[in-house]
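In this chain, numbering begins with 1 at the start of the sequence shown. Every heavy atom of this structure was used, including side-chain atoms; hydrogens, water molecules and symmetry mates were not. All of these numbers come straight from a predicted model, not from anything done at the bench. All ligand and atom numbering here is 1-based and tracks the order in the structure.
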Amino acid sequence: MSFAQNSAISSKPYVLVIHGGAGEINKAGTSPELEAAYKASLDKALKAGEEILKKGGDAIDAVQAAIMILENDSLFNAGKGAVLNNKGMAELDASIMRGDDLNAGAVAGVTNVKNPISAARLVMDKSPHVMLGGQGAEEFAKANGCELVDNNYFITDKNRKRLEQIKSNKGKKSQVKQPENRDGKYGTVGAVALDKNGNLAAGTSTGGMTNKKFGRIGDSPIIGAGTYADNMSCAVSCTGWGEYYIRLGFAKSICDRVELQGVPLKEATKLMIHDKLENMGASGGVIAIDRYGNYSIDYNTSGMHRAWVSSNGDTGVELY
Ligand code: ASP
């Protein structure tokens, strides 16, 4: 790369937005220590992603790097710290997508892949498929060099107790209509980025929802529902009551509104959260960046863990 090209690229904008899940999160229910821990982790993930973008790296690498840090932190419902299904096991879902060629990869229902987002990336890069599930995804991850761990690695005491608590409440609530962690937080992690070359990318990783049925797959690994990226419109990552995000084709629907109807990004995310999702009686949040670097963070819960950084100096970490 010549100096002229190099300096041209260094002046181009980049943006990164990450989330650590939406939910009934508020200051009163969060100790100062926990608040500091969440912020430190989000900040670390943001910096890892920004480092890549600043150097002119790819949006998809920034997305993956940020998500891997959150997967490795037991504070979040992804990787270590994933919530448990009705059998007391962690079953993980993740997906990643790039906006330049619409290439995407996803894994669903994996139980031993330490970083599901890296397995999703490998499905994208090293297979002709978009999504692999269960044992096949695990075999593929192993064959392609992913680190495998025992399922116990993901399980925390907090999540074990949460499952017991929900199971002991059984019968008091409808198991169909009431999501098990509606009163808690969703805790899924995700990232969206625009790099200096104008490419968008998005990724999402989750343990799903507490006490979900064995084999249940949420929106997070579904391209178009929990994750979508298209350079013609925007990059989107969702967190919330997955069944509704799937039914709404949530992420793609935001992109279509932006691309086909010319709706500004913030209006498109607002409509999907506060109109479509809310009218169905569901809750959650979304982060998105459009091709011009405008970003939107929206949710209809009391909080959503989030952080953002832009080459124009706009940056922050917020929980509520
Ligand atoms: N959307 C995820 C799911 O339904 C849950 C979450 O956002 O935490 O699997």
Exercise. With a 4.0 Å heavy-atom cut-off (strictly under), which part of D93 contacts ligand 1: side chain, backbone, both or neither?
Worked result: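 Answer for D93: neither.
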
Side-chain donor-acceptor pairs of residues 217-227 under 3.5 Å, sequence neighbours excluded:
{"residue": "T227", "atom": "OG1", "partner": "S95", "partner atom": "OG", "Å": "2.8"}
{"residue": "T227", "atom": "OG1", "partner": "T204", "partner atom": "OG1", "Å": "2.7"}
{"residue": "T227", "atom": "OG1", "partner": "S220", "partner atom": "O", "Å": "3.4"}

Seminar exercise, completed: Across all chains, not counting sequence neighbours, the ring pair (Phe, Tyr, Trp, His ring centres under 6.0 Å) partners of Y14 are none

Judged by atom type as modelled, is there a donor-acceptor pair below 3.5 Å linking the side chain of [X] to the main-chain atoms of [Y]?
X: N294; Y: D290; value: no
X: N85; Y: K87; value: yes
X: S41; Y: A37; value: no
X: S310; Y: G313; value: no

Checking the N or O distance criterion of under 3.5 Å, is ligand 1 in contact with [X]?
X: G242; answer: yes
X: R216; answer: yes
X: T239; answer: yes
X: G218; answer: no

For this session: Give the ring-plane orientation class for F76 versus H305, where under 30° counts as parallel, over 60° as perpendicular and anything between as tilted.
Result: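 Rings of F76 and H305: perpendicular, over 60°.
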
As an exercise, identify every atom of ligand 1 less than 4.0 angstrom from a heavy atom of [X].
X: G208; result: 5 (C), 9 (O)
X: G187; result: 8 (O)
X: M209; result: 4 (O)
X: N77; result: 8 (O)
X: G240; result: 1 (N), 2 (C), 3 (C), 4 (O), 5 (C), 6 (C), 7 (O)

